[in-house]
Amino acid sequence: MHLELIQQLEEIWGKERADHTADDEAWLRAVARLSRETLNTIYDTAYRNEQYAAARCLAWHRAQLR
């Protein structure tokens, strides 16, 4: 599951915000509901796999939890 999410975020976060679709927004809302622990785990996987757009997205969402 995490790999599918990372791939989706890689595509979404690589686009201009104006180009986001309703499906993209749904994925982002789902990420916003994840726990810090889950965000950390998925972030680590994305970064390790050099999927940096997804990692930036996850880092941004982690920062919102502070």
Side-chain angles (χ1 to χ4, degrees):
M1 176 187 155
H2 292 166
L3 296 179
E4 180 182 357
L5 175 59
I6 291 168
Q7 184 57 42
Q8 290 295 327
L9 295 177
E10 187 73 11
E11 292 174 19
I12 294 167
W13 211 252
K15 295 182 199 176
E16 293 293 324
R17 185 167 176 87
D19 295 331
H20 287 179
T21 66
D23 286 343
D24 295 342
E25 294 298 329
W27 280 101
L28 294 172
R29 281 192 302 277
V31 170
R33 292 190 300 265
L34 296 174
S35 70
R36 178 178 298 280
E37 181 179 326
T38 301
L39 285 169
N40 287 340
T41 299
I42 299 170
Y43 171 86
D44 291 343
T45 302
Y47 196 86
R48 229 183 359 263
N49 291 334
E50 299 179 359
Q51 293 178 294
Y52 299 121
R56 284 191 310 274
C57 176
L58 293 158
W60 186 88
H61 280 87
R62 281 191 319 191
Q64 303 309 305
L65 295 175
R66 293 182 185 193

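Remember, it's a predicted structure, so these values are computed and weren't measured experimentally. FYI, the numbering just counts along the sequence from 1. Atom set for the values below is all heavy atoms of this structure, side chains included, hydrogens, waters and symmetry mates excluded.
Looking only at side-chain heavy atoms (C-beta outward), Trp13 and Gln51 stay at 4.5 Å or farther from each other. Contact annotation: the side chain of Leu28 approaches that of His61 to within less than 4.5 Å [non-hydrogen atoms, C-beta and beyond]. In this structure, Leu58 and Asn40 have side chains that are not in contact, with every pair of non-hydrogen atoms separated by 4.5 Å or more.
Between the CD1 atom of Ile6 and the CD atom of Gln8 there is a distance of 11.5 Å, given to the nearest 0.5 Å. Interatomic distance, OG1 of Thr45 versus CG of Leu3, reported as 7.0 Å (0.5 Å rounding). Note: Ile42 CD1 to His2 NE2 = 4.0 Å, rounded to the nearest 0.5 Å. The CZ atom of Arg17 lies 10.5 Å from the CG atom of Asp24; values are rounded to the nearest 0.5 Å.
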Gln7/Glu11 under side chain to side chain donor-acceptor pair (under 3.5 Å): CA gap, chis, key distance, verdict: CA-CA 6 Å; Gln7 184 57 42; Glu11 292 174 19; 3.2 Å; yes
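At distances below 3.5 Å, not a single donor-acceptor pair connects side-chain atoms of Thr38 with backbone N or O atoms of Leu34. Proximity of a side-chain donor or acceptor of Asp19 to a complementary backbone N or O of Lys15 within less than 3.5 Å is not detected. Under the 3.5 Å distance criterion, the side-chain polar atoms of His20 are matched with a main-chain donor or acceptor of Ile12. At least one donor-acceptor pair closer than 3.5 Å links the side chain of Glu10 to the backbone N or O of Ala54.
Using a 30° and 60° split on the angle between ring planes, Tyr47 and Tyr52 fall in the perpendicular class, above 60°.
Open room surrounds CD on Glu37; 12 or fewer heavy atoms of other groups in view lie less than 6.0 Å from it.
Annotation for Ala46 and Ala55: closest pair CB-N, 4.0 Å, computed over non-hydrogen atoms.
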